[in-house]
Amino acid sequence: MLQDPTMTTAARPVRVRIAPSPTGDPHVGTAYIALFNYVFAKHVGGTFILRIEDTDQTRARADSEQMIYDALRWVGLSWDEGPDVGGPFGPYRQSERGPIYAEHARILIDNGRAYRCFCTAERLAAVRARQQLEKTGHGYDRHCRSLPREESDARAAAGEAFVVRLAAPLTGNVVVQDKLRGDVTIDVGQIDDQVLLKSDGMPTYHLANVVDDHLMEISHVIRAEEWISSTPKHVLLYQAFGWQEPQWLHMPLLRNADKSKISKRKNPVSINYYRDAGILPHALLNFLALMGWSFGDDREKFTLAEMIEVFSWERISLGGPVFNLEKLTWLNEKYIHDLDYGQLADAFLGWRMRREHWMQILPLVRERIKKLDEIIPMTEYFFSGDLDYSAVLGDLVVPEVAPADVGKGLLAYVERFEAREGWSAAMLEEEARAWCEALGWKPKHGFMLLRVGSTGRKASPPLFETMAVLGKEITRRRLRRVAEVIASGGKVK
RNA sequence: GACCCUAUCGUCCAGCCGGCCUAGGACACCAGCCUUUCACGCUGGUGACGCGGGUUCGAAUCCCGCUGGGGUCGCCA
């Protein structure tokens with residue numbers, strides 16, 4: 001009788017997870033991977049878990065976690081276990097699991113599969129620089145690996161700062177058995193003595209991920225392709241602990257039009273953008289399902305329930321799918337047309353027509369209207385996605401600056417607010433003034449550019465208040481797009 | 001650069017356990033029909049197996065090489 005390797009994992013209850021890091025806007029890639037985890041789990045009657053990977057103290061953002069919950073629920077995905085709903089394997093927030101990681105790092109030090117490293121950042125930089133120069137190997141030079149245990153213990157006890165590193169095997173191969181791609185064999189010479197525990201006592205992704213997946217009894221790790229090259233390290237960790245590996249499945253990466261990994265420089269990536277731009281949640285989810293997966297017949301529009309019913313890994317294709325806004329829009333149109341009038345009214349009123357949204361807009365226009373009938377025409381750009389700039393092309397200029405440079409300049413402003421936390425009129429204005437100064441543009445020219453770019457008009461309520469209400473997602477998209485319009489001389493629509 | 005993944009229309013997918021493929025569907029694009037307008041809808045069209053070697057009676061389908069694309073090389077995830 002042949003042994004089916006999948007039988008061993010099939011025997012385990014299926015438990016899968018999405019493990020986003022709360023470092024910014026809820027990413028469309030998170031929804032994408034969450035979808036496949038969710039659908040697979042539901043197809044086999046398994047459990048879908050949400051775990052928050054917030055081990056990077058410096059990057060975690062307070063509002064990000066809530067936005068992830070909201071965005072995932074908005075598209076229609078819900079989890080059986082997670083920080084906000086609890087569950088038997090908690091806590092589900094890694095920042096609350098510190099002692100667990102420390103304990104496990106300790107286990108590895110004791111069994112010789114990890115060691116303390118006291119190297120300073122400066123020494124590491126020097127090592128890296130020399131490797132660069134001599135074009136020799138790469139990675140940590142294992143300087144501290146041979147430290148006697150007594151010395152290591154003593155220095156740690158004395159309070160010297162250290163990290164814990166994986167003692168990767170020096171010879172041999174590691175095989176990653178990927179259910180989607182077959183066996184991937186890597187020479188251990190490629191594997192670095194990866195940091196497991198940072199000097200602040202927090203684990204790195206590699207340790208936290210492996211420890212949590214094991215403790216939470218995750219049966220299948222379904223994640224994006226970008227993780228495939230660190231998977232051998234994870235396999236090594238499972239071996240070091242003596243644990244059973246989960247089944248690995250690496251999904252293809254969503255791409256920009258130029259095939260690079262999807263990024264906000266080239267594509268809207270925040271789920272909130274699609275929401276604000278008028279995309280229906282089910283349409284977004286359906287579209288994501290089409291990225292790398294096919295229904296089996298020619299069906300392109302289907303419900304989550306239908307997808308769950310017919311789901312199979314065999315229908316995954318591995319080429320990186322380009323996220324195509326036009327096709328999303330077409331699918332969304334189908335969803336809109338299938339709504340009855342009552343549903344359409346509810347969808348529309350629940351969208352940006354909400355009272356809270358009007359309460360932000362009205363203070364900007366009240367002084368500017370004489371009759372109620374002026375409100376809609378005057379505020380139309382608060383309810384649009386992309387704008388038509390054909391009538392204002394002549395105003396998208398800065399005196400004595402070439403269009404290409406005007407476009408580039410505009411992008412520089414976007415970069416500025418991207419680098420800032422929060423979203424407020426005050427911040428936007430501060431950056432705008434500094435931006436004009438840096439470019440040597442008169443504020444009136446720079447500001448007009450921002451005004452026309454974000455509203456499509458020469459006349460608007462106070463610019464920065466307006467941008468604040470428009471929101472980061474819409475503003476970013478419009479400014480990036482108008483930069484293209486300018487640089488192309490109006491060719492891009 | 002090293003390692004790894006990947007490769008069918010511009011884009012998303014089907015086909016890939018070899019013949020039924022003069023390669024199918026969808027988006028976009030073009031043309032026509034419908035229509036007082038616009039849109040929807042309908043009909044048709046343009047358009048791809050990256051290249052080179054094998055294996056085979058026969059290859060988009062299997063094997064090898066090349067090339068292209070992507071990812072990863074952090075005390076970020």
Side-chain angles (χ1 to χ4, degrees), chain A residues 19-24 27 29-30 51-60 64 94 116-121 124-125 128 131-132 135-140 161-165 173-174 176 178 180-209 223-233 250-262 286-301 314-334 336-337:
Chain A
S21 181
T23 51
H27 201 279
T30 302
R51 184 173 70 219
I52 295 291
E53 309 232 328
D54 55 348
T55 55
D56 187 349
Q57 316 269 6
T58 59
R59 294 212 311 163
S64 187
Q94 292 188 328
R116 291 192 195 87
C117 167
F118 299 90
C119 292
T120 60
L124 295 178
R128 208 162 297 155
Q131 288 171 341
Q132 200 80 269
K135 294 194 185 245
T136 49
H138 53 87
Y140 179 57
F162 64 87
V163 300
V164 175
R165 286 183 184 275
N173 291 136
V174 182
V176 176
D178 187 289
L180 264 15
R181 297 157 199 271
D183 287 1
V184 180
T185 304
I186 281 92
D187 188 302
V188 291
Q190 298 299 320
I191 301 174
D192 200 6
D193 277 6
Q194 184 61 49
V195 171
L196 264 21
L197 213 59
K198 301 182 257 187
S199 54
D200 66 359
M202 279 300 224
T204 57
Y205 171 84
H206 307 289
L207 209 223
N209 168 70
R223 65 205 335 181
E225 184 181 1
E226 57 188 326
W227 292 109
I228 205 164
S229 45
S230 41
T231 305
K233 292 170 191 168
H250 290 92
M251 292 290 292
L253 236 26
L254 259 21
R255 313 292 183 98
N256 296 311
D258 65 3
K259 295 274 187 185
S260 57
K261 175 166 89 167
I262 197 167
N286 190 157
F287 177 69
L288 255 14
L290 261 20
M291 302 275 88
W293 186 78
S294 56
F295 199 90
D297 50 29
D298 281 339
R299 226 180 307 183
E300 296 199 289
K301 181 171 182 288
E314 286 168 17
R315 304 215 60 84
I316 293 285
S317 65
L318 297 172
V322 171
F323 192 97
N324 183 203
L325 230 87
E326 279 181 337
K327 186 143 185 182
L328 204 210
T329 303
W330 164 80
L331 228 205
N332 199 61
E333 177 187 32
K334 295 286 180 205
I336 295 266
H337 291 183

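Below, chains carry the letters A, B, ... as their sequence lines are ordered, and counting in each starts from 1.
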Trainee: What's the CH2-P distance between A/Trp330 and B/C12, to the nearest Å?
Mentor: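 The distance from CH2 of A/Trp330 to P of B/C12 comes to 15 Å, rounded to the nearest Å.
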Trainee: Kindly say whether, by distance alone, the side chain of A/Lys327 makes a donor-acceptor pair under 3.5 Å with the base of B/A28?
Mentor: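 Donor-acceptor pair under 3.5 Å: no.
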Trainee: A/Arg223: which residues meet the side-chain hydrogen bond (donor to acceptor under 3.5 Å, both in side chains) condition with it, sequence neighbours left out?
Mentor: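 By the side-chain hydrogen bond (donor to acceptor under 3.5 Å, both in side chains) rule, A/Arg223 matches A/Tyr205, A/Thr231, A/His234, A/His250.
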Trainee: What integer distance in Å separates A/Phe323:CZ from B/C13:C1'?
Mentor: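 Roughly 16 Å, once rounded to whole Å.
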Trainee: Using the P atom in both, what is the distance from B/G24 to B/A2, to the nearest Å?
Mentor: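 These two P atoms come out 41 Å apart once rounded.
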Trainee: Round to a whole Å and report the spacing from CG of A/Asn324 to C1' of B/C9.
Mentor: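 In whole Å, B/C9 C1' and A/Asn324 CG are 14 Å from each other.
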Trainee: Which value, in whole Å, describes the distance between the C1' atoms of nucleotides B/A26 and B/G15?
Mentor: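 Pairwise C1' distance, B/A26 against B/G15, rounds to 15 Å.
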Trainee: Can you tell which of B/C27, B/G41, B/A14 lies closest to the side chain of A/Ser317?
Mentor: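 Looking only at side-chain atoms, A/Ser317 lies closest to B/A14.
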Trainee: Are side-chain heavy atoms of A/Asn286 and A/Lys334 found at a separation under 4.5 Å?
Mentor: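 When only atoms from C-beta onward are counted, A/Lys334 and A/Asn286 do not touch, as no gap falls below 4.5 Å.
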Trainee: Can a donor-acceptor pair be found, under 3.5 Å and without considering hydrogens, that links the side chain of A/Asn173 to the backbone of A/Val188?
Mentor: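 No, because the side chain of A/Asn173 does not come within donor-acceptor range (under 3.5 Å) of the backbone of A/Val188.
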Trainee: May I ask you to decide whether A/Arg181 forms a salt bridge with A/Glu225, counting only side-chain N to carboxylate O separations under 4.0 Å?
Mentor: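 Counted as a salt bridge, because a side-chain N and a carboxylate O are separated by less than 4.0 Å.
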Trainee: In whole Å, what separates the C1' atom of B/C62 from that of B/U22?
Mentor: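 Going atom to atom, C1' in each nucleotide, I get 24 Å.
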Trainee: Could you check A/Arg315 against A/Lys334 and say which one's nearest nucleotide on RNA chain B is further toward the 5' end?
Mentor: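 The residue mapped nearer the 5' terminus is A/Arg315.
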Trainee: Nearest whole Å is fine: how far is B/C12 P from A/Asn286 CG?
Mentor: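 Value for this atom pair: 17 Å.
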Trainee: When the P atoms of B/C9 and B/C3 are considered, how many whole Å apart are they?
Mentor: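 To the nearest whole Å, 28 Å.
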Trainee: Measure from CD on A/Glu333 to C1' on B/G41 and round the result to the nearest Å.
Mentor: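 My rounded result for the distance is 11 Å.
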Trainee: Over all strands shown, is A/Gly292 touching base, sugar-phosphate only, or nothing at heavy-atom distances under 4.0 angstrom?
Mentor: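 Counting heavy atoms under 4.0 Å across all strands, the contact made by A/Gly292 is with sugar-phosphate only.
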Trainee: For A/Arg299, is there any backbone N or O sitting under 3.5 Å from a side-chain donor or acceptor partner on A/Asp297?
Mentor: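 Pair found, side chain donor or acceptor close to backbone of A/Arg299.
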Trainee: Only pairs with both distances under 3.5 Å count, Watson-Crick or wobble alike; so what is the partner of B/C51 in this structure?
Mentor: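 The answer is B/G65, by the H-bond criterion.
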Trainee: Donor-acceptor check, side chain of A/Arg59 to backbone of A/Thr23, threshold 3.5 angstrom: yes or no?
Mentor: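 Judged by distance alone, no pair lies under 3.5 Å.
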Trainee: Any salt bridge (Lys or Arg N to Asp or Glu O under 4.0 Å) involving residues 314-328 of chain A? Give me the pairs, sequence neighbours left out, ordered by first then second residue.
Mentor: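 Passing the test, one end in residues 314-328 of chain A: A/Glu300-A/Lys327.
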Trainee: Applying the Watson-Crick and G-U wobble criteria at under 3.5 Å, what pairs with B/C3? Answer none if nothing qualifies.
Mentor: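 Base-paired to B/G71.
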Trainee: Provide the distance between the two C1' atoms, one in B/G18 and one in B/G54, to the nearest whole Å.
Mentor: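 Comparing C1' positions in B/G18 and B/G54 gives a spacing of 15 Å.
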Trainee: Which value, in whole Å, describes the distance between the P atoms of nucleotides B/U55 and B/C64?
Mentor: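 Pairwise P distance, B/U55 against B/C64, rounds to 15 Å.
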Trainee: Report the distance from atom CE of A/Met251 to atom P of B/U6, rounded to the nearest whole Å.
Mentor: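 Distance check: A/Met251 CE to B/U6 P gives 13 Å.
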Trainee: Can you check the A/Asp298 CG to B/C12 P distance for me, whole Å?
Mentor: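 Taking CG of A/Asp298 and P of B/C12, I get 17 Å after rounding.
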Trainee: For A/His250 and B/C5, give me the distance from atom NE2 to atom P, rounded to whole Å.
Mentor: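 After rounding, the reported distance stands at 12 Å.
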Trainee: Report which part of the nucleic acid A/Met291 touches: base, sugar-phosphate, or nothing (heavy-atom distance under 4.0 Å, all strands).
Mentor: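 Here A/Met291 touches the backbone only, sparing every base.
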Trainee: In whole Å, what separates the C1' atom of B/C42 from that of B/A23?
Mentor: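 Their C1' atoms lie roughly 25 Å apart.
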Trainee: Any base atoms under 4.0 Å from A/Arg223, or only sugar-phosphate, or nothing? Heavy atoms, all strands.
Mentor: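 It contacts nothing in the nucleic acid.
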Trainee: Suppose you measure atom P in B/C12 against the same atom in B/G69; what distance do you get, rounded to whole Å?
Mentor: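 Taking atom P in both B/C12 and B/G69, they lie 16 Å apart.
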Trainee: Between A/Gly319 and A/Gln190, who's closer to the 5' end of RNA chain B by nearest nucleotide?
Mentor: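 With A/Gly319 and A/Gln190 compared, the 5'-side residue is A/Gln190.
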Trainee: What contact category does A/Glu326 fall into here, base, sugar-phosphate, or nothing, at under 4.0 angstrom with non-hydrogen atoms?
Mentor: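 The answer is sugar-phosphate, as A/Glu326 gets under 4.0 Å only of primed atoms, P, OP1 or OP2.
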Trainee: Sub-3.5 Å donor-acceptor pair from the side chain of A/Ser199 to the main-chain atoms of A/Val163, do we have one?
Mentor: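 Flag not set: sc A/Ser199 to bb A/Val163 has no pair under 3.5 Å.
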Trainee: Summarise how protein sits on nucleotides 68-77 of chain B as a single string, 5' to 3': B when a protein heavy atom is under 4.0 Å from the base, S for sugar-phosphate-only contact, - for no contact.
Mentor: -SSSSS-BBB
Trainee: Scan every strand shown for a Watson-Crick or G-U wobble partner of B/A26, both distances under 3.5 Å, and answer none if you come up empty.
Mentor: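 Pairing partner: B/U11.
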Trainee: Find the partner of B/C20: check Watson-Crick (N1-N3 plus N6-O4 or O6-N4) and G-U wobble (N1-O2, O6-N3) distances, both under 3.5 Å, and reply none if neither fits.
Mentor: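 In the structure as shown, B/C20 has no Watson-Crick or wobble partner.
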Trainee: Tell me whether A/Asp192 contacts the main-chain N or O of A/Gln194 through its side chain, where contact means a donor paired with an acceptor under 3.5 Å.
Mentor: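 Side chain of A/Asp192 to backbone of A/Gln194, a donor-acceptor pair under 3.5 Å: no, none is there.
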Trainee: With both distances under 3.5 angstrom, what nucleotide forms a Watson-Crick or G-U wobble pair with B/G32?
Mentor: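 Matched B/G32 with B/C42 under the 3.5 Å cut-off.
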